[in-house]
Amino acid sequence: MSVRILYFASLREALGQASENIALPAQVANVGQLQAHLAARGETWEALSKTKNLRVAVNQQMAAMDAPLKDGDEVAFFPPVTGG
Amino acid sequence: MTVRVQAGDFDIGAEIAALTRGNAKAGAVASFVGLVRDTNEGAGVAEMSLEHYPGMTEKSLEAIVGEARGRWDIMDALVIHRIGPLRPGDTIVLVAVVGAHRGEAFAACEFIMDYLKTRAPFWKKEKTPEGERWVDARESDDEAAERWKN
């Protein structure tokens, strides 16, 4: 099972990349587990666990940390929005 | 119902006029225009840039307008939000709502702005004399959106 991941704003800058495609390990079944899996890469990736009020969207809809993932999903991580 | 995300400026008067053209049942247009300020959090702002999430931005704005339509008896609504580099005095956002009477138009316009501020995936980055910085989300914006839940 693989997913496409997008990063925006300060998170994108901290990670030095805007997107990636990854194959999910068997133990990663939801958004929160994906966040922990990515943060465990260490160093700059800890931004994923340290960003205050981190938001997540799955397939372009705001999602909760316990939202399940399926093959082909587009998952976006970003800080709270500041438009308008 | 129209949602547009664009880099270019827009003519507020022309947009509002177009919204009610040919609609003789329209009795009210409530609008909100957001502008770039030259100061924020005690620092001067020389320039700002707006990043967004293409695809989700449009969907979230359409969903917000749809929700407003479900809550109030409105005839039409327009949301234009700019992206990219902007300077103090530039327009950032226009929300305009058409109704038969002002009550629905005012309420729906404010609701759309409050939800846009907390749900639409835009992020502002400012250029100040001390360097560039991402704008922090405000708790007061969350509180403003929260009050519509009752």
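Lettering follows sequence order; numbering is per chain, from 1.
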Under 4.5 Å from a heavy atom of chain A, the part of B:Asp136 involved
backbone
Find out if a path of hydrophobic residues (ILVMFWY) with successive side-chain heavy-atom gaps under 4.5 Å connects A:Val58 to A:Met62.
no
Please check if B:Trp72 and B:Val79 belong to a single hydrophobic cluster, counting links between Ile, Leu, Val, Met, Phe, Trp and Tyr side chain heavy atoms closer than 4.5 Å.
yes
According to a 4.5 Å side-chain heavy-atom criterion applied to Ile, Leu, Val, Met, Phe, Trp and Tyr, with indirect links allowed, do B:Val65 and B:Val33 form part of one hydrophobic cluster?
no
Give a yes or no on whether the backbone of A:Gly83 and the side-chain of B:His81 come within a donor-acceptor separation of less than 3.5 Å.
no
Same cluster or not: A:Leu11 versus A:Trp45, using hydrophobic residues (I, L, V, M, F, W, Y) connected whenever any side-chain heavy atoms lie under 4.5 Å apart?
yes
Over 12 foreign heavy atoms within 6.0 Å of CZ, A:Arg4
yes
Please say whether more than 12 non-hydrogen atoms of neighbouring residues, nucleotides or ligands are located less than 6.0 Å from CD in B:Glu139.
no
Neighbour count above 12 (heavy atom, 6.0 Å) for B:Arg69 CZ
no
Decide yes or no for B:Met56 and A:Gln61: does some side-chain heavy atom of the first lie under 4.5 Å from some side-chain heavy atom of the second?
no
Looking only at heavy atoms, which of residues 114-128 of chain B get nearer than 4.5 Å to chain A?
B:Leu116, B:Lys117, B:Thr118, B:Arg119, B:Ala120, B:Pro121, B:Phe122, B:Trp123, B:Lys124, B:Lys125
What is the minimum heavy-atom distance between B:Val93 and A:Gly84, and which atoms define it?
CG1-C, 3.9 Å
Do A:Val81 and B:Ile83 share a hydrophobic cluster, counting only Ile, Leu, Val, Met, Phe, Trp and Tyr and linking them when any side-chain heavy atoms are less than 4.5 Å apart?
no
Closest heavy-atom contact between B:Tyr53 and A:Ala57?
CE1-CB, 4.4 Å
Stepwise, does the side chain to side chain contact (heavy atoms under 4.5 Å, CB included) test hold for B:Glu51 with A:Arg12?
CA-CA 11 Å; B:Glu51 176 174 332; A:Arg12 171 179 55 75; 2.4 Å; yes
Measuring from atom OG1 of A:Thr82 to atom CG of B:Leu50, what distance do you get when rounded to the nearest 0.5 angstrom?
7.0 Å
Flag side-chain contact, heavy atom, 4.5 Å: A:Phe8 against B:His52
no
